[in-house]
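Just so it is clear, the model here is predicted, and its values are computed rather than measured.
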Amino acid sequence: MLPPVTDVRVQPTPVSAWAPLASKVYRALWVAQLASNLGTWMQTVGAQWLLVDEPNAAMLVSLVQTATTLPVVLLVIPSGVLADLIDRRRLLIGAQSAMAVIALVLAVSTARGYTTPGVLLGLLFLMGCGSALTMPTWQSIQPELVPREQIPAASALNGLSVNSARAVGPAIAGVLVAAAGPSFVFALNAVSFIGIVLVLISWRRPVREEKLPQERPFAALQAGMRFVRSGPAIRRVLLRSVLFIIPASAVWALLPVVAHERLGLSSAGYGLMLGALGIGAVLGGVSFARLRARLTATRMLTLSALLFGGATLVLALVEHLVVVLPVLLIAGIGWPLAMSTLNSTMLLMLPSWVRARGMSVYTLVFMGGQAVGSLLWGAVGNALGIQSALLIAAGLLAFCAASLLWWPIRQDATGFDLTPMAFWPEPDIVCEPDPADGPVLVLRRYHVPSEVTEEFVTAMARVGRSRQRTGAMEWRLYRDVGVADQYVEAFVVRSWAEHMHQHEVRLTAQDLRGEQEVAKYTLGEDEITHLIAVEDAR
């Protein structure tokens with residue numbers, strides 16, 4: 001008999017944009033994160049300034065961004081696996097402490113004149129490795145800091161922190177570098193990590209008692225990828241991310257060229273354009289919660305694509321700064337609306353056991369999309385001209401908005417009840433298998449009246465996706481030709497330990513609803529058989 005589950009799919013109540021700040025831990029971490037983001041942007045400016053007098057300065061300056069983002073692309077997936085296997089708080093403390101030490105080494109090395117371009121890029125690469133460890137871990141702890149209904153507002157506030165630092169940090173760094181040199185901003189960046197470390201140390205995160213053997217890293221990686229692959233709503237969020245990020249990256253990639261070649265501006269004018277984008281992003285972050293109370297996630301993404309696409313179109317056609325600046329302000333508003341919607345929707349769809357792995361995939365799509373988009377629009381701009389590249393990007397953003405009619409994202413992801421529920425009956429066993437034994441074949445027989453066969457098969461498709469999300473490598477539904485109205489579900493799990501994780505950790509109330517739907521069309525008790533492969537029989 002399946003246990004009852006409360007249906008929590010209710011209309012979301014409006015949540016204040018500032019509601020997450022009522023949480024003491026979240027508020028302290030947010031302030032500390034803002035300081036750290038400022039330090040990161042100041043470090044970027046200091047690093048670029050350190051290289052401007054070097055031979056091949058243009059190439060070296062561009063490699064600063066490569067050195068900091070490449071580790072994220074390469075390591076964010078393994079980092080997500082690690083964050084799901086060990087204590088996330090301790091992982092963050094370790095990563096932030098390591099980044100503080102590296103920033104301090106960079107400051108001391110620069111002050112003493114030892115920082116060659118190779119040393120600088122190498123230390124920035126190590127800092128990027130710390131960022132790769134931090135990103136999925138930081139995002140995956142958000143549901144532990146604020147109530148579920150505040151997750152979208154928390155995502156918007158996190159974006160507000162990043163965009164505020166992006167708008168203010170470079171300007172502050174320019175003044176400080178001119179007054180005290182790059183080593184001073186590097187030292188400030190080292191200090192900026194201390195706040196996060198202190199808050200994390202003081203946070204008394206509940207300790208979970210682990211009754212099952214810990215997942216092995218490679219098996220955990222496969223389980224995470226299966227979860228993402230078997231979740232249509234999750235795949236849709238990733239698709240929407242690609243459709244928005246790649247064309248939207250054209251503005252970020254081509255803005256320096258637009259400022260210099262089309263508008264004839266100096267570096268100060270380019271900074272003004274970046275400031276307009278940054279101010280718009282802050283306004284978008286502040287208004288996100290209010291807009292979300294009135295718009296569905298799909299409509300929010302439509303609005304974002306239209307705002308950013310319209311701004312990209314004007315940027316392609318107009319060569320007057322007085323028009324371009326308010327247009328960039330509008331584009332800046334559209335950016336956090338899209339990012340916060342995608343980020344929070346993804347986060348709300350991921351149960352705790354796989355949250356960091358799922359967010360690492362999202363981060364890879366986001367960062368990879370920006371990187372690929374920047375290269376793409378640079379190549380298109382060289383081949384067809386900057387105006388043509390921006391016009392194509394605007395057209396793709398219009399397609400992104402229109403395609404939401406056919407490929408909308410899941411409405412109200414807050415309705416996903418991801419409460420862990422171990423509702424499967426304990427398997428009847430006569431000898432205790434070793435955790436490494438496997439693969440495990442699970443057979444479940446259902447008696448289904450012929451008049452509801454179609455409804456049963458439809459409901460079982462949802463159950464099949466649940467099995468694959470929670471650990472099944474293969475899943476099929478069979479009809480028994482020797483017994484009237486009998487169907488057999490068969491799925492294979494890698495090992496007995498992973499199947500026990502299925503039983504006790506990975507199932508949620510959302511999965512239970514699928515099985516309750518199947519139970520409407522079956523008669524009697526289901527018969528379940530567990531089979532473990534015999535290695536010597538090969």
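Taking S340 as the reference, nothing meets the side chain to side chain donor-acceptor pair (under 3.5 Å) condition, with sequence neighbours excluded. Shown here are the side chain to side chain donor-acceptor pair (under 3.5 Å) partners of S161, two or more places apart in sequence or in another chain: N37. Under the ring pair (Phe, Tyr, Trp, His ring centres under 6.0 Å) criterion, W407 pairs with no residue at all, not counting sequence neighbours. Applying the side chain to side chain donor-acceptor pair (under 3.5 Å) test to Y362 and every residue at least two apart in sequence or in another chain returns nothing. Evaluation of the salt bridge (charged side-chain N to carboxylate O under 4.0 Å, His left out) rule for R89 yields no partner, not counting sequence neighbours. The salt bridge (charged side-chain N to carboxylate O under 4.0 Å, His left out) check on E504 picks up nothing, with sequence neighbours excluded. The ring pair (Phe, Tyr, Trp, His ring centres under 6.0 Å) search around W353 returns F227, not counting sequence neighbours. Partners of S36 according to the side chain to side chain donor-acceptor pair (under 3.5 Å) rule, which considers only residues two or more places apart in sequence or in another chain, do not exist here.
We find that R469 and D511 are joined by a salt bridge, their nearest charged nitrogen and carboxylate oxygen being less than 4.0 Å apart. At a threshold of 4.0 Å, the pair E517-R462 does not count as salt-bridged, since none of the basic side-chain nitrogens sits closer than that to a carboxylate oxygen. With salt bridges taken as basic N to acidic carboxylate O contacts below 4.0 Å, one links R226 and E498.
The aromatic rings of W424 and H499 sit tilted relative to each other, their planes meeting at an angle between 30° and 60°.
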Could you check N158 against W138 for side chain to side chain contact (heavy atoms under 4.5 Å, CB included), going step by step and ending with a plain yes or no? CA-CA 10 Å; N158 292 338; W138 176 264; 4.0 Å; yes
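Using a 4.5 Å heavy-atom threshold, the side chains of Q222 and R494 count as touching.
Within the structure, the salt bridge (charged side-chain N to carboxylate O under 4.0 Å, His left out) test picks out no pair touching residues 72-81 (sequence neighbours left out). Applying the salt bridge (charged side-chain N to carboxylate O under 4.0 Å, His left out) test to pairs two or more places apart or on separate chains, none has a residue in residues 228-250. Legend: salt bridge (charged side-chain N to carboxylate O under 4.0 Å, His left out) pairs involving residues 340-368, not counting sequence neighbours, sorted by first then second residue: D84-R357, E215-R357.
Side chain to side chain, S344 and S155 fail the donor-acceptor criterion of an N or O pair below 3.5 Å.
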Would you tabulate the side-chain donor-acceptor contacts of residues 92-99 under 3.5 Å, counting partners in other chains and residues two or more places apart, or write 'none'?
from, atom 1, to, atom 2, distance (Å)
Q96, NE2, T134, OG1, 3.1
S97, OG, I93, O, 2.7

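Ring centroid separation for the pair W252 and W335 comes in under the 6.0 Å cut-off.
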